[in-house]
Peer 1: 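Just dropping this structure here.
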Amino acid sequence: MVPVESLPSFDAFFNALSAILMTTGYFFIRRRNIIAHRACMLGAVASSLLFLVGYLTYHAQAGTTRFQGTGLIRPIYFAVLISHTILAAAIVPLVIITLSRALRGKFSAHKKIARFTLPIWLYVSVTGVLVYFALYHWFAKA
């Protein structure tokens, strides 16, 4: 069992792992290594699901964490956070559709939507890690 106060670090780890697996999966498919691509992308989905469980658990128990940064970084942080949040909501159905098309062998349709899904999902994962560092390390009050 992961203690509630450790969940943000847990979430950041799984967001980063998802980004690494997606990037690796992209390189594998560019080299036509379908088996390795599939393994990476299924790993990215699993990692994102573990993130989501941790995220929902943390916020159900701990509530909201307020950003402590001041000055110019504040509007930058909120611009990243707002784009991250909107795209995080949008990525869920995109990942489900992309994954279901691949699992059903509809590779032409899978490829068409994956061109949009991958960069959005990657952005959400990377900005999730940045939000974590901004909230809990870079601008956290001691």
Side-chain angles (χ1 to χ4, degrees), residues 1-104 106-107 109-142:
M1 193 83 183
V2 177
V4 172
E5 59 274 4
S6 297
L7 286 174
S9 299
F10 171 90
D11 295 341
F13 169 80
F14 282 109
N15 256 335
L17 181 59
S18 292
I20 291 166
L21 287 167
M22 281 184 268
T23 302
T24 306
Y26 174 78
F27 285 110
F28 278 131
I29 201 60
R30 299 301 298 163
R31 287 161 182 73
R32 303 201 191 296
N33 187 340
I34 294 167
I35 293 170
H37 168 74
R38 179 183 299 204
C40 286
M41 299 316 282
L42 289 173
V45 169
S47 183
S48 289
L49 286 172
L50 288 170
F51 156 79
L52 185 58
V53 168
Y55 177 85
L56 293 174
T57 301
Y58 177 77
H59 287 287
Q61 295 183 22
T64 305
T65 303
R66 295 176 91 43
F67 180 65
Q68 300 298 316
T70 58
L72 180 59
I73 196 61
R74 198 161 179 80
I76 294 170
Y77 168 80
F78 283 109
V80 170
L81 180 63
I82 290 166
S83 65
H84 167 82
T85 303
I86 291 168
L87 291 173
I91 199 58
V92 174
L94 286 172
V95 169
I96 292 168
I97 293 166
T98 305
L99 178 63
S100 82
R101 288 179 180 179
L103 293 175
R104 289 183 291 145
K106 299 185 177 214
F107 298 116
H110 165 77
K111 185 177 178 179
K112 283 181 185 176
I113 194 168
R115 290 176 186 218
F116 297 99
T117 304
L118 179 65
I120 296 169
W121 189 10
L122 195 55
Y123 177 84
V124 168
S125 292
V126 171
T127 56
V129 175
L130 294 175
V131 166
Y132 162 77
F133 277 106
L135 283 175
Y136 298 98
H137 296 285
W138 298 332
F139 302 100
K141 296 285 184 196

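Counting from 1, the numbers follow the sequence of the chain as shown.
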Peer 1: Passes side-chain contact (heavy atoms from CB on, under 4.5 Å), H84 versus V124? Steps please.
Peer 2: CA-CA 5 Å; H84 167 82; V124 168; 3.7 Å; yes
Peer 1: Describe, in one word, how the ring planes of H59 and Y55 are oriented to each other, choosing from parallel (under 30°), tilted (30 to 60°) and perpendicular (over 60°).
Peer 2: tilted
Peer 1: Assess whether atom OH of Y123 is packed by more than 12 heavy atoms of other residues, nucleotides or ligands within 6.0 Å.
Peer 2: yes
Peer 1: Under a 4.5 Å cut-off applied to non-hydrogen side-chain atoms, are H110 and T98 in contact?
Peer 2: yes
Peer 1: Considering residues, nucleotides and ligands other than I34, do more than 12 of their heavy atoms fall under 6.0 Å from its CD1?
Peer 2: no
Peer 1: Are F67 and V131 packed together at the side-chain level, in the sense that at least one heavy-atom pair is separated by less than 4.5 angstrom?
Peer 2: no
Peer 1: What's the spacing between I86 CD1 and I120 CD1 if we round to 0.5 Å?
Peer 2: 12.0 Å
Peer 1: Might you point out which heavy atoms bring F116 and K112 nearest each other, and give the distance in Å?
Peer 2: CD1-O, 3.5 Å
Peer 1: Rounded at 0.5 Å granularity, tell me how far CG in L56 sits from CD in Q61.
Peer 2: 11.5 Å
Peer 1: Could you walk me through whether Y77 and L135 pass the side-chain contact (heavy atoms from CB on, under 4.5 Å) check?
Peer 2: CA-CA 9 Å; Y77 168 80; L135 283 175; 3.4 Å; yes
Peer 1: With rounding to the nearest 0.5 angstrom, report the OG1 to CG distance, T117 to L122.
Peer 2: 12.0 Å
Peer 1: Of all heavy-atom pairs between F14 and S47, which one has the smallest distance, and what is that distance?
Peer 2: O-OG, 2.7 Å
Peer 1: If I compare all heavy atoms of P93 with all of A89, which pair ends up nearest, and what's the gap?
Peer 2: CD-O, 3.5 Å
Peer 1: Please tell me whether W121 and S48 have a donor and an acceptor in their side chains that are separated by less than 3.5 angstrom.
Peer 2: yes
Peer 1: What distance separates I76 CD1 from L81 CG, expressed to the nearest 0.5 Å?
Peer 2: 13.5 Å
Peer 1: Hey, would you say the Y132 and H137 ring centroids sit under 6.0 Å apart?
Peer 2: yes
Peer 1: How close do P75 and G71 get, heavy atom to heavy atom, and via which atoms?
Peer 2: CD-O, 3.3 Å
Peer 1: Taking the side chain as C-beta and beyond, is there a heavy-atom pair between S18 and F51 under 4.5 Å?
Peer 2: no
Peer 1: Is any side-chain heavy atom of L87 closer than 4.5 Å to a side-chain heavy atom of I91?
Peer 2: no
Peer 1: When rounded to the nearest 0.5 angstrom, what distance separates OG1 in T127 from CD1 in I82?
Peer 2: 12.5 Å
Peer 1: Restricting to non-hydrogen atoms, name the atom on T70 and the atom on I73 that form the minimum distance, rounded to 0.1 Å.
Peer 2: O-CG2, 3.2 Å
Peer 1: Is R104 close to R101 at the side-chain level, that is, under 4.5 Å between some pair of heavy atoms?
Peer 2: yes
Peer 1: Do L99 and L42 have side chains that approach each other closer than 4.5 Å (heavy atoms only, starting at C-beta)?
Peer 2: yes
Peer 1: Side-chain contact test, heavy atoms from C-beta onward, threshold under 4.5 Å: evaluate it for R74 versus F78 and give yes or no.
Peer 2: yes
Peer 1: Angle between ring planes, Y136 versus Y58, binned at 30° and 60°: parallel, tilted or perpendicular?
Peer 2: perpendicular
Peer 1: How many angstroms lie between OG1 in T23 and CG in L118, if you round to the nearest 0.5 Å?
Peer 2: 7.0 Å
Peer 1: Which atoms form the tightest heavy-atom contact between S125 and M22, and what is the distance?
Peer 2: OG-CE, 3.3 Å
